[in-house]
Asks: 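Please read through the structure below; I'll follow up with questions.
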Amino acid sequence: MKALLLIGGQATRLSPLNKHIAKSLMPVCDREVLNYQIGQLARAGVSQIILAAGYMVEQLADYVSGYSGGLEFAISLEEEPLGTAGAIAHAAELVDNDRLVVLNADIISDVDIAEVITTHEAGGRPATLVGYAVQDPARYGLLQLEGSAITGFTEKPEGQLDDDAKHFINAGIYVLEPTVVNSIPQGRSVSIERETFPQLITAHGALTHFPHERLWEDIGTFESYFRANFALVASRYTYGDNALWGGREDFALFKDMVYMHESVELGKGVDLFHRVIAMARSSIGADSRLQNTILLPGAVVGERCQLTDCIIGPGVSVPEGTRINKMVMVAGEQNTAFYPDAHDMGIS
Ligand code: GTP
């Protein structure tokens, strides 16, 4: 079976980090988002993965060339972004009339893709969408449901919603029959959410829904990237050795949501106070105190620093004595404000 990763966005909301690293290669607890997704697809029996890409293509091609073990990769190159359905139509020759699993390449989740395919087969409809249950749907488009059928979409709902009801958002994970892939217009930008799915509902009455309630986060903004890292740590506490962590022993998890790669260097008297992620080869100087902070690989925090609500980019050095909060540091002067709201993030 084949899968297609929608990986052709510009990731403007992660600026300026998007100039250094492709969004799907951002590490979440030391593993790239793409690495989680490839594992997830391989476990479901997918043997060929098409990357529908247009930016940072060399970086992506380099990355997948490191894979072995029966997985085949192909790149469907977009000169211009063609939208989430246009990208699929552009890759139609590579899909070659197969059933297709499609993933937004900027999400991490523990959705069992094999179960989604089983549900898709049982549903007998041209497309199946994974819906993710959220408490506060205000920021998202909502799926309109009748039992297990999707009968419409509501863009960012206004007004009162029934608080007791479950609200499902489009999780960016689909199974499509070849008829869908072949029906998308070629050569122009097409949105799967705004054009393709509504047209399919008009033609077929409904699409199949696969509800998911465990781990799901996109990493499209610094806030959600932050949330995704800690949601993954929380999933380890909640679900034990789940598939996403399976077999890894190169890190330690401490109480109070602290994750640390085994290669991290810690000075004397370092205080990791609630919610800290220190990825591979990062270091924290003596007497520094970190809270609600992520260090990407190779980040160096000097002595006597105090960092609260920060993301320190790959290889960035924070000079000794620095006291900052609510800051993403990318490289030297390229910093950006950052407002993680722990309450809003639903993590503790
Ligand atoms: P922003 O510029 O920050 O909005 O990010 P983005 O461009 O990645 O857009 P968005 O977060 O809405 O995209 C969701 C997923 O769809 C990401 O994995 C994108 O890479 C992908 N995507 C969005 N537009 C396109 C497109 O035109 N072509 C392809 N191949 N993928 C796309």
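Order of appearance sets the numbers: ligands from 1, and atoms from 1 within every ligand. Hydrogens, waters and symmetry mates play no part in the numbers below; they use all other heavy atoms, side chains included.
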Asks: Tell me whether E121 is salt-bridged to R99, with the criterion being a basic N under 4.0 Å from an acidic carboxylate O.
Replies: yes
Asks: Identify the protein heavy atom lying closest to atom 14 (C) of ligand 1, giving its residue, its atom name and the separation to 0.1 Å.
Replies: D106 OD2, 3.7 Å
Asks: Give the contacting part of T12 toward ligand 1: side chain, backbone, both or neither, where contact means a heavy-atom distance below 4.0 Å.
Replies: both
Asks: Using distance alone, decide if ligand 1 has a nitrogen or oxygen within less than 3.5 Å of any nitrogen or oxygen in L14.
Replies: no
Asks: Among protein heavy atoms, which lies nearest atom 18 (O) of ligand 1, and at what distance?
Replies: L6 O, 2.7 Å
Asks: Compute the centroid of each ring, for F230 and then for F226, and state whether the two points are separated by less than 6.0 Å.
Replies: yes
Asks: With a 4.0 Å cut-off, would you call E213 and K166 a salt bridge?
Replies: yes
Asks: To the nearest 0.1 Å, how far is atom 7 (O) of ligand 1 from its closest protein heavy atom, and which atom is that?
Replies: Q10 N, 2.9 Å
Asks: Given S15, A85, S189, G8, which has its nearest heavy atom closest to atom 31 (N) of ligand 1?
Replies: G8
Asks: Could you tell me whether some N/O pair between R13 and ligand 1 is separated by less than 3.5 angstrom?
Replies: yes
Asks: Find all atoms of ligand 1 within a distance of less than 4.0 Å from any non-hydrogen atom belonging to L82, and give their numbers and elements.
Replies: 27 (O)
Asks: Starting from atom 8 (O) of ligand 1, find the nearest protein heavy-atom neighbour and note its residue, name and distance.
Replies: K23 NZ, 2.8 Å
Asks: Among G83, G9, G172, which one puts a heavy atom closest to atom 27 (O) of ligand 1?
Replies: G83
Asks: Classify the contact between L5 and ligand 1 as side chain, backbone, both or neither, using a heavy-atom distance cut-off of under 4.0 Å.
Replies: neither
Asks: Under 3.5 Å, is there a donor-acceptor pair between the D110 and H212 side chains?
Replies: yes
Asks: V101 and side chain to side chain contact (heavy atoms under 4.5 Å, CB included): which partner among L41, T128, L176?
Replies: L41
Asks: Starting from atom 28 (N) of ligand 1, what is the nearest protein heavy atom, named by residue and atom, and what distance separates them?
Replies: E78 OE1, 3.0 Å
Asks: Please confirm whether A52 comes within less than 3.5 Å of ligand 1 when only nitrogen or oxygen atoms on both sides are compared.
Replies: yes
Asks: If you count the atoms of ligand 1 from 1 in the order shown, which ones are under 4.0 Å from a heavy atom of P81?
Replies: 27 (O)
Asks: Answer yes if the side chains of T221 and S224 hold a donor-acceptor pair under 3.5 Å, and no otherwise.
Replies: yes
Asks: Just one of D256, N292, T293 clears the side-chain hydrogen bond (donor to acceptor under 3.5 Å, both in side chains) bar with R275, so which one?
Replies: N292
Asks: With a heavy-atom distance limit of 4.0 Å, tell me whether A87 approaches ligand 1 through its side chain, its backbone, both, or neither.
Replies: side chain
Asks: Keeping N229 on the side-chain end and C29 on the backbone end, is there a donor-acceptor pair under 3.5 Å?
Replies: yes
Asks: Between Y225 and I294, which heavy-atom pair has the shortest distance, and what is it?
Replies: CE2-CD1, 4.5 Å
Asks: With ring centroids as reference points, do F251 and Y259 lie under 6.0 angstrom apart?
Replies: yes
